[in-house]
Protein chains: 2
Amino acid sequence: MGEEEEVSNTQIIFNGYIDGFPTESAMTVKASTIKLKVPNGCNDAVLVKTLYLSCDPYMRSRMSKIDDNYIPIFTPGLPILGNGVAKVVDSSNPNYKKGELICGMFGWEEYCLVKSTDILLKIEHTDVPLSYYTGILGWAGISAYIGIYEISCPKKGESVFISAASGAVGQLVGQFAKLLGCYVVGSAGSKHKVDLLKNKFGFDDAFNYKEETDLNAALKRYFPEGIDVYFDNVGGEMLDVVLLNMNLNGRIIACGMISQYNLKEPQGVRNLFKVVAKQIRMQGFLASSYVHLFPKFLDFVIPLVREGKITYVEDIAQGLESAPAALIGLFSGRNLGKQLVCVASE
Amino acid sequence: MGEEEEVSNTQIIFNGYIDGFPTESAMTVKASTIKLKVPNGCNDAVLVKTLYLSCDPYMRSRMSKIDDNYIPIFTPGLPILGNGVAKVVDSSNPNYKKGELICGMFGWEEYCLVKSTDILLKIEHTDVPLSYYTGILGWAGISAYIGIYEISCPKKGESVFISAASGAVGQLVGQFAKLLGCYVVGSAGSKHKVDLLKNKFGFDDAFNYKEETDLNAALKRYFPEGIDVYFDNVGGEMLDVVLLNMNLNGRIIACGMISQYNLKEPQGVRNLFKVVAKQIRMQGFLASSYVHLFPKFLDFVIPLVREGKITYVEDIAQGLESAPAALIGLFSGRNLGKQLVCVASE
């Protein structure tokens, strides 16, 4: 196949702004074609073959027209954009050569022309699953790392609670906290997930929040001595009852609020006075602000992965056509572990 | 007058637990008597003459029976307790001598037997008004100091917003932030208070929140470039709209939430996702945890007071009988500046 030849290039197109709970109808699977060559005059670009794409809750906020959004909205008519792993097929950028594996932000399509190469990272270690670079070795991993090792710094014996605990970030947060000698409990939305937390990730305990009629009572049961660190992936009602159970000098890591992303109006959190009364520090963060820590993080986590000291569970949808359903499934908790899409093997 | 002689001792008695907005009927002015001598067998105690008593919003939470209250509830039938300035009349504690001036937690009565002397501080500097030890040189002062110099550390040119800005704490927060070269705006509940902020405390601007039909629009008007540091004394709706106007890496100092103390159920704060999206750090604190900083704080602030670089406005109610009304007045914003009660001149 010559490089000038056009090949088929399936794309997942963003149809337009949505409100409320997203459905697959927000996206269209479109047949297209592409030449496997960086166009003439397009300097410092790379053309890549997409291998793995990450499905992340934050992507929901790129689908709605919100004033003062913290992240650019997807462009209707163009492919969805997301983090992923890809292989360089052609390059006009001297830093990236054909055949190299990279992580970055790619269009949801089989082949993608990347004109802004500032945020690409070269993959150095390939003795771990490549898909890990969408999760444990990507933004999810560094999010867990920042929350535990940079922001909350739990001490041995402290109690750590994690919501959405079997997800891409939560499963790692719990394992990192266990490495530090903490008492770790997670909440998740199914029996299967709870089993994973207790039996695969080594959490001290876990519960299915959907089966608890009184979340406050549940937290008091699992944390009779209170919570020192809460890693919040969900916001809303869970955050509200956690506030009632925080210890003095507690830390809340505000990583995400998935329970709120599809609501027309967010739920009100009523127990914020506990922030004063318990001297709580609540810290929000965007992993993108910590990109400088990636080398340090990878040096830390890759040996743990190699030695089997950290486990990572992925939920891999096969084929780009399955990507819309995989993304939408995040919001009903259909995924078990880190949701990603395998677009192509190497 | 012999020390064994009984003297009259007016007391402000706490009648019992209340709900909702407090009224003076929560307290009773009671005529009583006391011997001006530490009783035999009462070791390490001091008997003091009360000079100044502080009226503070946090005292409201000592009037309701709340599960897991952060501070002990007042005892029905006994005097209200509060911070104040007093003079030692008799002492069985070798650390305190008759005639010495002290700050601490005293009963709301003319004379008070203090059995727990752990939290008393001796007053060393008397070339400043004694009443200041209930405010600028007391918990209000150190609260402002902690919020600015220990927690938020605003840089020159950063924008600082303060609610309840003419109050005991707010007026100092603004002046400290001005010393650091910040752009400082405060909100308050009357024209007179707004005038004070602009003309006496040197705020860059100020507004009457009661006259704003759209608080979000007001904040956008005063902070077209956003807010870097919010010193929150009120919580509730104001906190909610401030969240919409915070800048990336903003800091919220959660000092108090006076708008919520008299509500049966606190208002819900809906915009907490901004904590994630703007990487906000929200830090609650209790000044009592920073008591070790008092010497450092006084060394910092007393020269500023002496040199006239810091101004402090007090609202002094005369006589213990006026104390219930003074305390209740806090919750309708009747006070102009730091509310306190002068019980007796030295």
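Letters A, B, ... are given to chains in the order of the sequence lines, protein chains preceding strands, and every chain is numbered from 1.
- The distance from atom CZ of A:Phe273 to atom CD1 of B:Ile258, rounded to the nearest 0.5 Å, is 10.5 Å.
- Distance check: A:Lys274 NZ to B:Met257 CE gives 12.0 Å after rounding to the nearest 0.5 Å.
- Looking at A:Gln279, its side chain does come within 3.5 Å of a backbone N or O of B:Leu286 through a donor-acceptor pair.
- In this structure, A:Glu237 places its CD atom where only 12 or fewer heavy-atom neighbours from other residues, nucleotides or ligands lie under 6.0 Å away.
- To the nearest 0.5 angstrom, A:Arg281 atom CZ is 15.5 Å from B:Phe285 atom CZ.
- Only the side chain of A:Tyr261 comes within contact range of chain B, with heavy atoms under 4.5 Å apart.
- Other residues, nucleotides and ligands contribute only 12 or fewer heavy atoms inside 6.0 Å of the NZ atom of B:Lys155.
- The parts of A:Leu272 that come within reach of chain B are both its backbone and its side chain, each placing non-hydrogen atoms under 4.5 angstrom from that chain.
- For chain B, the nearby part of A:Leu239 is the side chain; its heavy atoms alone come within less than 4.5 Å.
- The part of B:Gln267 that comes within reach of chain A is its backbone (N, CA, C, O), which places non-hydrogen atoms under 4.5 angstrom from that chain.
- A:Asp232 has its side chain out of reach of B:Val276: every pair of non-hydrogen atoms, C-beta onward, lies at least 4.5 Å apart.
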